[in-house]
Amino acid sequence: MIRGLAMPRGRRRPPDGFRLLTGLVALAAPISLVLIVVLLAQQGAPAIWHYGLGFLTSRAWNPVSLDFGALAFIFGTLATSLIALALALPVGVGVALFLAEPSAGRLRGAIGIGVELLAAIPSVVYGLWAFYVMAPFVLIHVEQPIVARFGSVGILSGPARETSLFTASLVLSVMILPTLAAVSRDVIRAVPGGLRESSVALGATWWETTWGVILPAARQGIFGATVLALGRALGETIAVTMVIGNRPEIPTSLFAPAYTLASVIANEFTEATGQLYSSALIELGLVLMLVTLTVNVLAQLLVRSTTREARA
Amino acid sequence: MAYGGLGVAESKPADYPARRVAPVVLKALEGASPTKLAVASLSFYYGRFRALKDISLDIPEKRVTALIGPSGCGKTTLLRVFNRMYDLVPKARAEGSVRLDGMEVTETTRLLELRQKVGMVFQRPSPFPLSIYDNVAFAPRLLGWGRSRVAEAVETAIKDAALWDEVNDRLKDPAASLSGGQQQRLSIARCLAVKPEVILMDEPCSALDPVATLKIEDLIDRLARQYTIVIVTHNMQQAARVADFTAFMLMDTEERYGQLIEFAPTTDLFNKPTDPRTEGYITGRFG
Ligand SMILES: Nc1ncnc2c1ncn2[C@@H]1O[C@H](COP(=O)(O)OP(=O)(O)OP(=O)(O)O)[C@@H](O)[C@H]1O
Ligand SMILES: [Mg+2]
């Protein structure tokens, strides 16, 4: 970002007003990021000193005995987000493929608008819908049948509940679907038409062209969409809080309640009494940032390694 | 220029009437040849727009046939009828008949078989985002060939496309790493891999520099006796250099449909055109 301030080489001009202004605006983003981290660290300092690195690996969360650890929440955050992604990615890419199809006509327009509107629904509304409509439905038509049939498998064991890791993942997957579908659609549309034509000219069917040519060509962009969606899922708070069951444990079953970093902060910070309790919650905020950052960096590295492979 | 001109450079039309006989030696025809693609009263529509009207011609087997004519006269449209590429265009339809040996092209439902028999090379090289090897193996795999048969086909095709010496040590590299001219030869290899009978080429050299163009033309020359080649070109020298037969097409001035004006051995078409419109075009008076 700071590179944007550099002059083109060999033509050094003194910074004019415009450059200065845009430079300062551009700097605002990294500076506020640093400030946020510093302030959080300052506020969370008591907990950071008191629990040390053990905070990250402890699954305790007991405000009475002041025994705090982040592991259950880290697990809940990663598990809900990844399950949501696994559910939403195939659907999102499928929708994107349909929307990118030139021959789909009017239906395509309607569905496209519908998908984009999904992104405009506030998350608290998603939460309400998930709690009153989706969760009861899923309990009866998905969770209970699965438990009845596969209950003996650990992660599918009962009892099925309305609010659970699974329900939270499901609502998250609906929430990230528009991002996945819209970005993937644009990426797929940007695949040069010559690729599709060449593939068809070799005798490939629509499916063979899609699998063998279009998706490989769009792979990187779809990956970008995935990272974007994952970012949203990791930080999503209110809708998840309403349906995850809010139990600070690492669940052994998909259908057991769990808790995420964002949810526990939102739920408990108003009632946190005592310095250690509230600074532990603030430290969870830092951990959430760390998790999001790590996921993003890993994703970037992955993208870079695949592009290098493609260019080598 | 690297190669002798036919003397029809558009820039000096004044020369023409006096020099109707081209100064280069045109390709001599080696005897008659049976018909490979029989086009009969073909009309083509994009929705309600009629792009081709009543085209009939017999494209001879194992010869190079060039389609020439001004922009928009329907050369690409005609070419894309031959392998049913127009299926990709909503509301496009063909009327009339195109027979490939016994197969009615406009009606067949055996598209894989048709497209295996009729390969196509496009104007812009469009390597798939796969390795060089996988690009050429694409069509053989669609046909369900086994590994060793695919490997053999890939090697033969790359050799036949005069690309082997340049890529044999890096078949696993991405195809995008090749130069434009190499990519175009890769496109040719890609369609040679399934041993087509007909190869359609739509301005295959227009995105290439003169040296790469020359290589493609040499390649066409070498393939010419094994395959039936139909090539669209804007370059009349190229038509004269590579084609045994040439078809001249023109757009109707009022209704804007494309029609076939003249189809003849290339030598005849360039030296003694029977239609004044053909003569006008090849001598650069319009188009
Ligand atoms: N997909 C399409 N939909 C509607 N009309 C089309 C389509 N493709 C081509 N046309 C029209 O059909 C006519 C013939 O086009 P075509 O591309 O076959 O010309 P061409 O001879 O190949 O021209 P060029 O030399 O510029 O490539 C033109 O009037 C064009 O506008
Ligand atoms: Mg064309």
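Labels below follow one simple rule: chain letters A, B, ... track the order of the sequence lines, proteins then strands, and each chain is numbered from 1. Below, each value reflects all heavy atoms present in this structure, side chains not excepted, and no hydrogens, waters or symmetry copies.
For Trp206(A), the CH2 atom is densely surrounded, since the number of other residues' heavy atoms within 6.0 Å is greater than 12. Other residues, nucleotides and ligands contribute more than 12 heavy atoms inside 6.0 Å of the CD atom of Glu113(B). For Lys91(B), the NZ atom sits in a loose shell: 12 or fewer heavy atoms of surrounding residues, nucleotides or ligands are nearer than 6.0 Å. Around CZ of Phe137(A), the count of heavy atoms belonging to other residues, nucleotides or ligands within 6.0 Å does not exceed 12. Residue-environment remark: CZ (Arg124(B)) stays at or below the threshold of 12 foreign heavy atoms within 6.0 Å.
Only the side chain of Phe138(B) comes within contact range of chain A, judged by heavy atoms closer than 4.5 Å. If you measure heavy-atom distances from Pro192(A) to chain B, you find no contacts under 4.5 Å at all. Within the 4.5 angstrom heavy-atom criterion, no atom of Val194(B) approaches chain A. Interface residue Pro127(B): only backbone heavy atoms are found under 4.5 Å from chain A. In this structure, the portions of Ser199(A) lying under 4.5 Å from any heavy atom of chain B include both its backbone and its side chain. Contact of Leu143(B) with chain A is not made at all, since no heavy-atom distance falls under 4.5 Å.
We find the OG-CZ distance between Ser198(A) and Arg190(B) to be 4.5 Å, quoted to the nearest 0.5 Å. Distance check, rounded to the nearest 0.5 Å: CG of Leu111(B) to OG1 of Thr205(A) gives 10.5 Å.
Residues Ala201(A) and Asn83(B) share a closest heavy-atom pair of CB-ND2, 4.0 Å.
Within the 4.5 Å cutoff, no side-chain heavy atoms of Leu202(A) are placed close to those of Arg115(B).
Checked for salt-bridge contact, Glu197(A) and Arg80(B) meet the test: a charged N lies under 4.0 Å from a carboxylate O.
For the options Met85(B), Arg141(B), Met120(B), heavy-atom pairs under 4.5 Å to chain A are most numerous at Met85(B). Heavy-atom pairs under 4.5 Å with chain A peak, among Leu112(B), Leu142(B), Leu200(B), at Leu142(B). Annotation: maximal heavy-atom pairing with chain A below 4.5 Å, among Ser131(B), Ser126(B), Gly119(B), occurs at Ser126(B).
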